[in-house]
Each structure stands twice: as C-alpha cells, then as structure tokens.
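Heads up: the structure comes next, in structure tokens.
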Amino acid sequence: MELTSKYDASLVEAKWYQAWEAAGLFQSQPGSSKPSYTITIPPPNITGSLHMGHSLCYPIQDLIGRFKRLRGYSVLIIPGQDHAGIATQSVVSKQLKQQGIQPAELGRDKFVEKVWEWRQISGDTIIQQFRLLGCAFDWSKSRFTLDDDYVTAVLTVFIDWFNKGLIYRGKRVVNWDPVLQTSVSDIETERKTINGKLYHVRYPFQDGSGEVIVATTRPETMLGDVAVAVNPSDSRYDGLVGKTLLLPLLNREIPLLADPYPDPEFGTGAVKITPAHDPNDYEVGRRHNLEMPVVLDPKAKVCLPCKYEGMDRYEARKAIVADLEEQGFLVKVEDHQIPILVSERSGEVIEPLLSEQWFVKQTELAAPGIEAVRSGKINFVPERYGKVYLDWMENIRDCCISRQLWWGHRIPVYYTDSGQAFAALNQEDAQRQAGTDPIVRQDEDVLDTWFSSGLWPFAVQGWPQSEENLPDRYPTDVLVTDRNIIYLWVARMIMMGMDFIGEIPFKDVCIHATVMTEDGRRMSKSLGTGVDPTEVIEKIGADALRYTLLSQAGTNQEIRYSERRTEDARNFCNKIWNAARFILMNLEGQTPTKPDHLEIVDQWLLSRLAATEAQVREAYEAYDFQRAAAPLYQFFWSELCDWYIEVSKSRLNDPSQKNTPLWVMTTAIRSFLIMLHPIMPHITEELYAHLPGENKAPFIMSEAWPEVPAEFHNASAEQTVERWFNLVRALRALRADLDLDPKKEIPIAYFEGDLAGGEEVLRTQAWIGQLIHGTGDNQKLVSTTLEGIDLHLPVEGVIDLDRLGAKLATEELKLSADFEKISQRLENPQFIERAKPEIVEKEKALVEDLEDRLTKIRARRALLGV
RNA sequence: GGUCGCUUAGCUCAGUGGUAGAGCACUACAAUGACACUGUAGGGGUCACAGGUUCAAAUCCUGUAGCGACCACCA
C-alpha cells in the first residue's frame, strides 16, 4: 500500500474536487425520480475574499447537501454573488483614490465599468475559495445580482409594487453617510456611545419675560431649530406653552409647544426641535406642521446662509458654542455619554438628514410573512430566532430602498417633462405609458442591495422569464445564514417570496454561530483580528478547517476559532488516515467475506456503529453539527481504534481467523467514512477509493447513507464487552500503580468470578501472559474488585507499601462515602415508594457492589498492614 | 429601558431529573510492526449565586450577579 504514514491534505483535496466536478456530481439530474433538495446560498458580497465566517456558513450548506445526496435526494445548490452596492462601491472608490483617481471625475459610466472589472477579480477569487473549501455547488447555475435576467426580475418587482402603490417617494429623515454621500440602512450602521458634552443653552422669550433652558449634544443643529418642545404634563411650563422664543444667534422666532416626546425627567424637560436632522424631532415636526429647514448639506457642511455657512458640522459646533458663550447664552456644559450611529462602511458618524427617498410600505407585505412563521411553515433553527424575527416583523416600519450610489440597480422610474413618474422596464416602455408627455429623465438613485437580494430564492431560478424550475425547486429546503441579517434579508425574502410566488421561499432557516477570535473578539480585517481561511487550508487542509468549525457548530451563538483546535482536527485526519492504512495493510488487497459467525467483540463494534449512525443522522437532520461530529470522533478514535483494532490484533495475526475482524473493520470504516463525508469530503473520498468491496459507488460522494441492519443493534453484546473493558482498565491501572512499564507483559495474573468469555480480551489488552482463574494463593498480591470480579496481580520484589497504602485508603474513603450516600437513599421509604422501580433496582445492585468492594479493600489493607 | 442567550476541570465546550463528561493543556511512563499529529495511566470541578419544586436538581421554576447579542427616540 502506497499510503504515507502522515496524511497530506494538499496531495488529496484539489484532486478530488476536480474529479467530482468532472463527473458532474455538483449538478442535479433533471428528470430524476429522486426527491428534490434545494438550497440557494446566501450570495457573498464581491468585496474581496472570503473570511472565517464564510468558512463556516458555506461548508454547513455543503455538508447538508452532501448529507442529502447520501440520503437519496436530488440535490441542487445554487451559488452566486451579490453586487453589494454600497460595500462594493466603497471598496472600488478606495482603490481608485489610491491610484489617484477621483471617482467623481470619472463619471457614472466609467466608474461602473471599473466596478465591473473589479467584480470579475473578486468574483473569481471567491469562487476559487469556495472550491478550496470543497463546496459542491452547481457552478453552471451561478447567478450574480446584476446579471441581465436578474435585473429584469428586480425591475419587475419594483414596477409591480410601484403600480400597486406599495412603493412611494417621500421626504424622511434617513441615516446619511457624509463620506459616501448616500443614505444607508440600519444594518449598515453601528450604535456606539462616545464621551461627549451636553450643552445647556438659554432660549429667551421674545417678550423678554424669561427664558427656557434647553440641553443639546449637538448645538450646531440649532441652526435648523423650529421650536422648543416640552411635555404637556410638565408643570414647570404651565402657562408658557404657546409663547414665542427667540432662537439665539439667529434671532429667529420659534414657538414653545407641548408634545409627548420630551421626557420631563430629563434635564430641564425642554427639547429643541430640529426636524431635518433628528428622527424624533422630525416626528414632532410632522405632528405640529413645522417647517423643516435643512441646514447641513450631503457633506455635512452648513448650507444655511449665515456666518457658519461652509463649515463642517464639527467646526460649526465649535464656532457656535464659542458664540453662545460669548453672547451669554451658554448656561453650562456637562460631560455626557452620547449614543451615536456610525456607518460601517466609512466609519463616519451618521448624520440624520431629511431627504427625498423611495420607500416600501411594509405592513401589508409583512402579514403573510408573520403568518408563515407563526404557523410553523417556516421553521427557525435555533427556535429562538423565530421570536426575534416575529418581534421585528410585528413592529415593521416602511423601509428606505433608495441609495445615492452609482453601483446597483438604477431605480426604473422615469419622469416626464411635467414631472409625472412612471415605473418601467426601459425608457420606451415608460414613454408608452406617458403618452404624449415626453420622458425627460430617469431617477438617478439606485436600489438598496437588499431589495435585489430579497428575490434571490426565485430570481436565481429564472423568474419571471421562465418558471419551469419553480414547482420542483421552490420553496427551497433550507436557508443557512447568520443572525445579523434576519431582518434585512431573511425577512425580505419571505415577504417577496410570499408576494410574488405566493409561497414561502424556504422551509427551514438555520442560523449559525458567529466565528470569533480565540479570546472572544470580533474577527475583523481592520482590527487585525481576522484569520485568512485560505492560509489555514494551505497549512492543514480544508477538511481539517471544516472539522474545526463544523464540530463546534450547534445552537450556540458564538464559535471561538483557535489554531490549537485546528491541530486537533488535523490530528483526527491523521488518525483516520493511519487506521485506514492499517486496515488496508492487513487486507493485502483482498476483499473480506461476510462471516457466518461473529464474536461478541465483533457484535459490540457493529452495535456501536448502529448507535453512532442513528445519532449522527439525527444530528445532521437537526442542523446540530456539533452533535454529529462528537459521536463520529468517539466511535472512530475510541471504539474502533483504541479498542476494536487492538482487541482484534491477535486474530489478524492468524490467517485462519483474520477474515472476520477484517470484514467488521471494513464494514465499520466504510460506514464511518460515508457518515463523515459531509464534514470532511476529501479525505473520506481518498480513503474510500482505496477500500475494497463490492457494490462500491464511483465516488463516496455518490454513495448511499449506510443502511444499518437491525441485527447490528445488540445491547447485551455492548454490555458484556464494556464490562470487559472496564476490567481491562482496572488491570492496567493496577499495573500502573505498581510502576510496571505499560505494555510490558507481566507473566501471570489471577481472577475470581465469571468473565463470561472475556479472558482473552483481558489477557491481551492488559498485557498479561497468563490469566488464571484462582486466588493466587500463597503469593504476595495486589488486587482490585469491580464488576463482580476480583483481579489479582502477583507482586515481584519490593513494592512501595506507603504509596499503595495511601492509594487504597483514598479508594476506601471514596467507596465508603458512595456507600453511605446510596445506603441512605435506600433507607428512605419515600425513595423506595416514589422513584421508578428500575432506578431502585439499580441503586440496590450498586450498593451491594459497593459493599462487596468495600469489604474486600478493607481486608486487603489489613493483609498488607497499610 | 426591553428581549434573547451564556456562566460546568487551567482552556474550549458537551451534558433536559437518577454516583459530574470530552478534547486540549498538565504529570508519570512507553521508540512496541497503523498512527509520537501516537499509546497507557493519573491529578484536576461546592456545575455563577440565593431561594423553591421533587424521594432525587448541573438539569425544572423564581430571583440576583457577571458577560454577550439584538431591539429601543432620552435631548
């Protein structure tokens, strides 16, 4: 056998990926009689390369796909990429600026051309990385959210909603990024608290009858103040509401009005109202029909004609504070924790800004989406995220879908000379709708990325042009994603799917954990805490990386990535490799035949295999990969390698006996490899290729999930054999206590009791020459008792009596404590009466065993005089 | 402020009512015919805290604390 003694992933992984792809295994067979299983992957942004989070998310989907293939499904996983408007535009802008090119000078068309160039580079990188990870996705069906077909789908949705009145244009306060100069969604912002100041400013009454003190963290916005509000219940302002105030510095007249918004408990209870630069003030402004002057421009510079015009918001703040102080309006300044919003893309503080934007009405679209989850048609895993989703959907607000960008789906609204707006697939169509009124321009804005990715599950399948795939492949089976985009993506796909296809987009939503650094910090490129998955793959292989992450993925909300754990995974690969090598070496190219008779250890292993199969299958079905990986690891390393192979070595050395253990091992490892394949596709494929056997599939990937015959389940074999193993452990411990070399054969040992045929297992596994039934009379012995068996080792020469005595004393203490505890329990009549009978029986047996062992250990201590 | 989650061995985490577990790390031993990326043995835990339910609680209930995530308009 030409297998090396160390597993080298780099020699194996790429080879098999190419072989699978060449064999067409990533594509579903149309017209197959198998049931369909479909996933449309979350399209990664084309902003560079994949990170550790992707190395969890996509292998999970690959795992599910491989598992379902093994389970007999016709699996289709449709990959793709998201144009990711703002994220991509900002990446490309940065690159251009580094080359000394100003995007603004380039102009819209040239800039978009540059982004397409980048899309090619980043897209190729990402696909290459998916391949490195071993993801079996159908590349022939790959989609990009700006493909022509996809654009048609997006425009179709827009036009439909526009015509139904679900999309409207309006002035609202939105999150404005002054650097990128666009509105951004809530998901693209981050809440932070910074140390700032709270300025208390005097607003005098016009008639000179006093003043109102107003607190603000943003004095520069006072340029846009149109009122001061107090809570109607606030008695401090009784009789004052309705009077006119004079806005400091500008001397504008503004009213003091009553509104429920101000909290009387906070500060003076009086709030200055700047409707154009604060969402709450905007609401107050609407309630009272106030003017809404915009005083900051898209770059967050003062645009109101006044002495501060042209200053940016922070310069203006300084100047205004200085002027307020100088003119005696500033009462005091306090340190204050200020909550702010920061744009994730630019790092800039968001400026709430009143501007003209497009919105989608959400309430009526949300209703079917709420019902779908409430009724259980869509099922969140872990379940708790269903509640998160519902809380959001039940309080949903209209969302802003327009972005002031160049990269994206341009809003298909065309305006006529007279200002009428028509939504259309193209200008000609718009003109048709407009009749004689000439179309003069198209809306400049583009759609928010989430608007287009919301169509993903059906738009990637050709909707609206061709819908023939949909009956078979929609709803898709599972959506796998992280919790950060439940609202902005998952919710939208559900709403859009329900509205356009009339059916849920997926049955299960599997929310996976976030990959963190070893010390629990966020992985981020800018913080330097990111780990590049491709480097890890290069070092230890994709299988080991997959195992590292997948074996930690369950219902937890966080996974800590550490290099140390990748070593565990690499070691596991190596262990599998070497065990397989050992089995193959013993097979000598022969195929073992199914034996007529199995020994109990054989039955034990097959029973353990059966139990493992059930556990693993159920865990995979439940998307609990951690719960699948653990029994696989345990079965393989502990049960197959540490016990079964070791126990079988004597039979392997006897040509007349070797067929049976070889058949059992081959059966076990073949099943094991198939079950492990979804987690570690490459190494399992490589080893499967070396396995002998009839009925082998061309690839492990196209194998069938192991059918475990009912007769493999054998509780009594498990019980018998595990009892032997316990005795082996006890004998080994006894040897260690005597400072005997591990595995150096000791010539003779004695036992009393009924081993039920386990003599040979005990003898070989505890490295004993002769195991004799008897008391070993007249010899110096060290003994132990468990499982109803007394084990005696003759002691040669001098032993350390003190140490042995201490050991026995500790053991006796523990036994005696246990004995007391259980005895007390059994003396409690309520326990006997109310506990389940099998528990009582178990405890009775236990206490008898403890008593027996206690008696014997006491006798031994007396005998040794320790 | 609200919701959700977490708190178990030095570390990372399993464990849904019946004598506390795994991997790693640590200690001792072992170049033995699959594997030193190995094997054998060992030390190490008042299961965050306080109440309650129960014959019996790491596990179920209530509350508290710390950490984390999400939601929320405190100027």
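The basis for the numbers below is simple: all heavy atoms, side chains too, and nothing from hydrogens, waters or symmetry mates. Within every chain, numbering begins at 1; the chains are lettered A, B, ... in the order of the sequence lines, protein sequences first and strands thereafter.
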What are the atom names and distances for every N/O pair under 3.5 Å that joins the protein to nucleotides 17-21 of chain B?
{"from": "B/U19", "atom 1": "O2", "to": "A/D818", "atom 2": "OD2", "distance (Å)": "3.3"}

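- Partners of A/Y7 according to the ring pair (Phe, Tyr, Trp, His ring centres under 6.0 Å) rule, which considers only residues two or more places apart in sequence or in another chain, are A/W577.
- Between the CG atom of A/L826 and the C1' atom of B/A56 there is a distance of 12 Å, given to the nearest Å.
- Qualifying ring pair (Phe, Tyr, Trp, His ring centres under 6.0 Å) partners for A/W176, counting only residues two or more places apart in sequence or in other chains: none.
- If you check the side chains of A/E787 and A/N726, you find a donor sitting under 3.5 Å from an acceptor.
- Listed by chain and residue number, A/V174, A/S183, A/Q357, A/F359, A/S402, A/R403 satisfy the side chain to side chain contact (heavy atoms under 4.5 Å, CB included) test with A/C400 (two or more places apart in sequence, or in another chain).
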Original post:
Would you write out the dot-bracket form of RNA chain B, 5' to 3', with Watson-Crick and G-U pairs under 3.5 Å, [ ] for crossing pairs, | for pairs to other strands and . for unpaired bases?
Top reply: ((((((((.[[[[.)..(..]]]].(((((.......))))).....[[[[[..)....]]]]])))))))....
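- No donor-acceptor pair under 3.5 Å is formed between the side chain of A/N828 and the backbone N or O of A/Q824.
- When the side chain to side chain contact (heavy atoms under 4.5 Å, CB included) test is applied to A/Y633, the partners found at least two apart in sequence or on another chain are A/Y547, A/F572, A/W637.
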Original post:
If the sugar-phosphate is the primed atoms plus P, OP1 and OP2 and the base is the rest, what is the B/S/- string for nucleotides 66-75 of chain B, using protein heavy atoms under 4.0 Å?
Top reply: --BSSSSBBB
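- Under 3.5 Å, the side chains of A/T566 and A/K539 contain no donor-acceptor pair of N or O atoms.
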Subject >> nucleotides 22-38 of chain B: protein proximity per nucleotide (B base, S sugar-phosphate only, - neither; heavy atom, under 4.0 Å) >> reply: -SS----B----BB-BS
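- Here CZ of A/R560 is found 11.0 Å from CZ of A/R521. Values are rounded to the nearest 0.5 Å.
- Shown here are the ring pair (Phe, Tyr, Trp, His ring centres under 6.0 Å) partners of A/F819, two or more places apart in sequence or in another chain: there are none.
- Applying the side chain to side chain contact (heavy atoms under 4.5 Å, CB included) test to A/K6 and every residue at least two apart in sequence or in another chain returns A/N574.
- The nearest whole Å value for the distance from the CD atom in A/E833 to the P atom in B/A56 is 13 Å.
- For A/F725, the ring pair (Phe, Tyr, Trp, His ring centres under 6.0 Å) partners are A/W604, A/W643, not counting sequence neighbours.
- Between the side chain of A/R483 and the main chain of A/Q557, a donor-acceptor pair closer than 3.5 Å is present.
- Legend: residues meeting side chain to side chain donor-acceptor pair (under 3.5 Å) with A/R732, ordered by chain and number and at least two apart, are absent.
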